[in-house]
Undergrad: 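Input: one structure, supplied below.
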Amino acid sequence: MTAEPGADRLKLVIVGGYLGAGKSTWLRHQLYAGAFPNAHLIINEAAELAVDDAIFGARYPLTLLSGGCACCEGQAAFLTSLRQLCDDRSRAAGPQGRTSIAVLETSGLADPAAIAASLRADPMLAFHLALSEIIVLVDARNAAAQLSADPLGRAQIEAADRLVITKSDLAPPSDTARLVATLQRLNPGATITAETRGEPVPLPDATGADPLPLADHATAPIRPVQIDLPKGLDWASFAVWLSALLAAHGDDIVRVKGTVRTPAGRLLLQGIRDHVQPPEILPDSDMARDGTIVLIGREIDADRVTRSLTRFAGDLL
Ligand SMILES: Nc1nc2c(ncn2[C@@H]2O[C@H](COP(=O)(O)OP(=O)(O)OP(=O)(O)O)[C@@H](O)[C@H]2O)c(=O)[nH]1
């Protein structure tokens with residue numbers, strides 16, 4: 001008996017969610033716990049300067065797609081990488097060593113439904129690849145601000161098979177209950193769980209909780225810009241400048257990422273809205289990208305930001 005055409009297809013899991021929702025943190029935890037064994041990771045970042053791959057290190061087969069979202073500007077590169085994976089599988093002699101699952105971590109600006117549509121429209125991938133699940137992470141701390149300001153967060157939630165609430169450790173249970181009520185209303189068919197840094201936590205009871213208000217207007221598009229840090233910039237003064245910048249513009253600057261060299265080592269810098277996370281120390285590898293940060297947000301004028309930083313640093317250097 002011959003196998004049904006396309007029965008042994010490459011499975012694809014899409015891990016999506018808004019900027020800074022906790023996608024890399026969650027995925028890293030799942031991989032560590034043994035989910036998605038032998039997966040090939042595809043990490044997509046909207047900015048040219050990629051940071052998320054540093055979080056995974058060299059432990060997993062990984063394709064990095066930076067400089068455009070897989071749902072729009074980066075779609076061609078994304079589909080090409082999947083075709084390549086399917087080709088490599090067809091050439092493998094037997095099931096051993098064949099990649100059976102690919103996991104795409106989308107950029108925080110991507111709409112997973114548009115990615116799914118592009119897969120269906122590609123005849124080669126429609127035959128060789130099966131989209132097995134769309135998992136969307138939703139940040140309990142920032143969801144209210146995101147959903148009221150940007151229709152993208154809603155589109156991501158509506159596209160999910162499974163919704164994972166992250167950062168409930170940073171939000172009061174009453175806020176998380178409102179978020180649960182919102183998710184149930186937007187996507188009644190999706191399963192909903194809550195996790196803190198990848199560890200399951202109980203969902204609060206959402207009975208009677210008011211769903212959160214949603215954006216009903218299109219806003220200016222969110223785009224990444226890169227800022228080169230001046231040579232010799234002192235980490236402590238940079239942190240002061242960054243906090244001041246985010247305090248003043250945290251509604252428009254949604255995400256900050258970068259790797260910075262400091263006397264304490266190589267640090268992964270992360271900010272979400274006006275909140276800068278405690279930096280994580282990274283191994284000393286691939287340092288070519290150090291000293292540049294990515295700001296992702298609305299109508300950010302890179303020259304103005306650079307001038308502000310240079311002026312601030314000049315006063316202190
Ligand atoms: N307290 C807390 N912090 C978390 C949790 N999940 C993620 N974080 C932090 O949130 C920040 C952003 O997490 P990432 O995993 O980089 O988020 P992301 O969705 O991959 O970000 P982008 O790719 O830029 O959209 C990091 O500083 C994480 O340590 C959580 O459940 N609780």
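Start at 1 and go down the list; that is how both ligands and their atoms are numbered.
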Undergrad: Which ligand 1 atoms does Leu19 reach within 4.0 Å, using its non-hydrogen atoms?
TA: 25 (O)
Undergrad: Which option out of His275, Lys257, Arg197, His29 puts a heavy atom nearest to atom 31 (O) of ligand 1?
TA: Arg197
Undergrad: Could you establish whether Glu280 and ligand 1 come within less than 4.0 Å of each other, counting only heavy atoms on the residue side?
TA: no
Undergrad: Honestly curious: do Ile14 and Leu125 fall in one hydrophobic cluster under the side-chain, below-4.5 Å linking rule?
TA: yes
Undergrad: Group every Ile, Leu, Val, Met, Phe, Trp and Tyr by side-chain heavy-atom contacts under 4.5 Å, then state whether Val15 and Ile101 land in the same group.
TA: yes
Undergrad: Can you check which of Lys167, Arg141, Lys23, Gln270 brings a heavy atom nearest to atom 10 (O) of ligand 1?
TA: Lys167
Undergrad: Which is it for Leu170 and ligand 1 at heavy atoms under 4.0 Å: side chain, backbone, both or neither?
TA: side chain
Undergrad: Do any heavy atoms of Ile272 fall under 4.0 Å from ligand 1?
TA: yes
Undergrad: Contact between ligand 1 and Gly17 is defined here as a heavy atom of the residue under 4.0 Å from a ligand atom; is it met?
TA: no
Undergrad: Tell me which part of Glu45 gets within contact of ligand 1: side chain, backbone, both or neither, using heavy atoms under 4.0 Å.
TA: neither
Undergrad: Sub-3.5 Å donor-acceptor pair from the side chain of Lys23 to the main-chain atoms of Gly17, do we have one?
TA: yes
Undergrad: Can you list every salt bridge (Lys or Arg N to Asp or Glu O under 4.0 Å) pair that touches residues 150-177, not counting sequence neighbours?
TA: Glu133-Arg162, Asp139-Lys167, Asp150-Arg298, Arg154-Glu158
Undergrad: Less than 3.5 Å apart, any donor N or O on the side chain of Glu105 or Ser24 sitting next to an acceptor on the other?
TA: yes
Undergrad: I need the atoms of ligand 1 closer than 4.0 Å to a non-hydrogen atom of Asp169, numbered in the order shown.
TA: 1 (N), 2 (C), 30 (C), 31 (O), 32 (N)
Undergrad: Pull out every atom of ligand 1 sitting under 4.0 Å from any heavy atom of Ala21, numbered as shown with elements.
TA: 19 (O)
Undergrad: Between Arg9 (side chain only) and Ala126 (backbone N and O only), is there a donor and an acceptor less than 3.5 Å apart?
TA: yes
Undergrad: For ligand 1, which atoms, with element, lie under 4.0 Å from some heavy atom of Gly22?
TA: 7 (C), 13 (O), 14 (P), 15 (O), 17 (O), 18 (P), 19 (O)
Undergrad: Thinking salt bridges, do Asp88 and Arg98 make one under a 4.0 Å N-O criterion?
TA: no
Undergrad: Do Glu195 and His29 have a side chain donor and acceptor closer than 3.5 Å?
TA: no
Undergrad: So which heavy atom on Pro211 is nearest to which on Thr182, and how close?
TA: CA-OG1, 3.5 Å
Undergrad: Which part of Leu137 is near ligand 1, with near meaning a heavy atom under 4.0 Å away: side chain, backbone, both or neither?
TA: neither
Undergrad: If the cut-off is 4.0 Å to any non-hydrogen atom of Glu105, which atoms of ligand 1 fall inside it?
TA: 20 (O), 23 (O)
